[in-house]
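Reviewing the structure listed below.
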Amino acid sequence: MDKRAGLYIVVEGNDGTGKSTQVALLADEYLRGGYEVCIVEEPGSDDPEKSTPAANELRRLIKNGDLERAPEINLGLFSAARGEIWREKIKPALDRGAIVLSARNYYSSLAYQGRGEGMDEAEIIRMTRLFTDEHYMQPDVAVILTLSDAARAERIAMRGELKNPDTFESRGDDFQTRVNQAYIDIARQYNIPTIDAGGTVEEVRVAIWEYVARPAA
């Protein structure tokens with residue numbers, strides 16, 4: 001891998017699959033290799049280094065489950081946050097030749113707003129393209145972490161009660177099942193490898209590294 005070439009790597013999956021943990025482990029691997037690493041989280045982050053102030057304000061609205069919204073509004077909020085993070089964080093880092101590691105991408109909206117909330121996939125793609133560009137929409141490497149419905153529910157329950165009900169984590173079993181199946185379908189449609197997140201953290205890390213260290217041509 002040419003150290004001068006930026007690389008955009010996405011780790012996707014439903015809530016509770018361990019995306020952020022695995023992104024942090026990937027960052028350690030690349031840092032040891034002497035690369036500049038930029039970590040981002042969509043649609044924002046508790047860590048200001050992984051997002052922007054504007055994206056974090058949008059995230060605050062997105063995560064507040066007390067605010068009822070139409071799926072189209074959710075897509076608009078997510079798209080605005082993506083556009084902000086892409087322009088202010090991801091693209092400048094790639095232009096510098098950095099490794100960009102992202103927990104989530106627009107595949108999340110294909111799963112949540114598309115299959116979960118019933119929006120048309122073509123509209124999600126149109127909106128994403130409006131706010132980002134083709135490199136964002138086609139990461140250099142992407143993997144999708146999967147869990148069974150029961151394992152995912154158990155992990156979410158372990159997080160405890162949230163101050164505000166999360167917009168998507170608190171949705172019912174039917175919604176979560178649709179999202180889980182959506183990720184499997186997205187992986188098949190976009191030729192993205194899936195990794196069973198039910199193993200140990202180390203087992204998942206090794207499986208992910210097999211893909212990101214030797215991305216497909």
Side-chain angles (χ1 to χ4, degrees), residues 10-20 40-45 51 54-86 102-134 136-139 142-157 159 162 164-197:
V10 171
V11 179
E12 262 287 4
N14 202 347
D15 292 316
T17 50
K19 297 178 295 300
S20 296
V40 297
E41 293 182 353
E42 291 191 7
S45 175
S51 183
N56 285 340
E57 282 299 304
L58 291 164
R59 174 179 179 259
R60 183 178 60 81
L61 291 173
I62 289 168
K63 289 183 72 67
N64 190 341
D66 291 330
L67 301 175
E68 293 188 11
R69 303 179 300 273
E72 291 80 4
I73 301 302
N74 282 329
L75 177 62
L77 291 169
F78 276 112
S79 298
R82 287 189 183 110
E84 170 74 5
I85 293 171
W86 173 253
S102 178
R104 295 200 182 280
N105 175 272
Y106 84 104
Y107 302 129
S108 289
S109 275
L110 292 177
Y112 286 82
Q113 279 68 63
R115 295 296 183 84
E117 297 191 294
M119 284 199 68
D120 181 63
E121 180 177 311
E123 179 61 16
I124 294 170
I125 292 172
R126 185 194 71 79
M127 182 72 86
T128 304
R129 186 170 283 120
L130 178 66
F131 278 86
T132 60
D133 69 14
E134 290 304 316
Y136 173 87
M137 299 186 72
Q138 298 183 45
V143 297
I144 291 177
L145 305 183
T146 62
L147 273 176
S148 68
D149 289 338
R152 193 208 71 87
E154 182 178 351
R155 287 194 184 180
I156 293 298
R159 295 180 180 179
L162 300 173
N164 288 316
D166 185 282
T167 304
F168 300 106
E169 288 182 356
S170 60
R171 295 281 183 94
D173 290 344
D174 287 349
F175 179 88
Q176 304 302 339
T177 297
R178 291 197 302 273
V179 170
N180 274 346
Q181 183 59 48
Y183 273 116
I184 294 170
D185 295 341
I186 289 165
R188 187 178 302 114
Q189 180 179 350
Y190 291 88
N191 195 30
I192 301 171
T194 59
I195 294 171
D196 182 2

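Counting begins at 1 with the first residue of the sequence.
Put simply, the side chain of K19 gets close to the backbone of G13: a donor and an acceptor are under 3.5 Å apart. Without hydrogens or angle criteria, N180 side chain to Y183 main chain gives no donor-acceptor distance under 3.5 Å.
Atoms CD and OG, on E72 and S79 in that order, are 11.5 Å from each other to the nearest 0.5 Å. We find the CD-CD distance between Q113 and E123 to be 12.0 Å, quoted to the nearest 0.5 Å. To the nearest 0.5 Å, the span separating NZ on K63 from CG on L58 amounts to 13.5 Å.
At a threshold of 4.5 Å between non-hydrogen side-chain atoms, the residues L75 and E117 do not count as touching. Annotation: side chain of N64 is not in contact with side chain of R60 (no heavy-atom distance under 4.5 Å). Side-chain contact between R129 and E134 is present, with at least one heavy-atom pair separated by less than 4.5 Å.
Only one option out of I73, L67, N74 pairs with L61 in a side chain to side chain contact (heavy atoms under 4.5 Å, CB included); it is L67.
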May I have the step-by-step check of salt bridge (charged side-chain N to carboxylate O under 4.0 Å, His left out) for R59 and E42, ending in yes or no? CA-CA 8 Å; R59 174 179 179 259; E42 291 191 7; over 6 Å; no
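Between the side chains of Q181 and D185, at least one donor N or O lies within less than 3.5 Å of an accepting N or O. Under the 3.5 Å distance criterion, with hydrogens and angles disregarded, no donor-acceptor pair is assigned to the side chains of R82 and Y106. In this model, a donor atom of one side chain and an acceptor atom of the other lie less than 3.5 Å apart for E12 and S108.
Nearest heavy atoms, P139 versus N105: CG-ND2, 4.0 Å. Shortest non-hydrogen contact noted between I85 and A55 is CG1-CB, 3.7 Å. Of all heavy-atom pairs between S51 and S45, the closest is CB-N, 3.7 Å. Pairing each heavy atom of Q176 with each of N14, the nearest pair is OE1-ND2, 3.7 Å. L110 approaches E121 most closely through the heavy-atom pair CD2-CG, 3.5 Å. For the residue pair I125 and M137, the shortest heavy atom distance occurs at CG2-CE, 3.6 Å.
No more than 12 heavy atoms of other residues, nucleotides or ligands shown are found within 6.0 angstrom of CD on E68.
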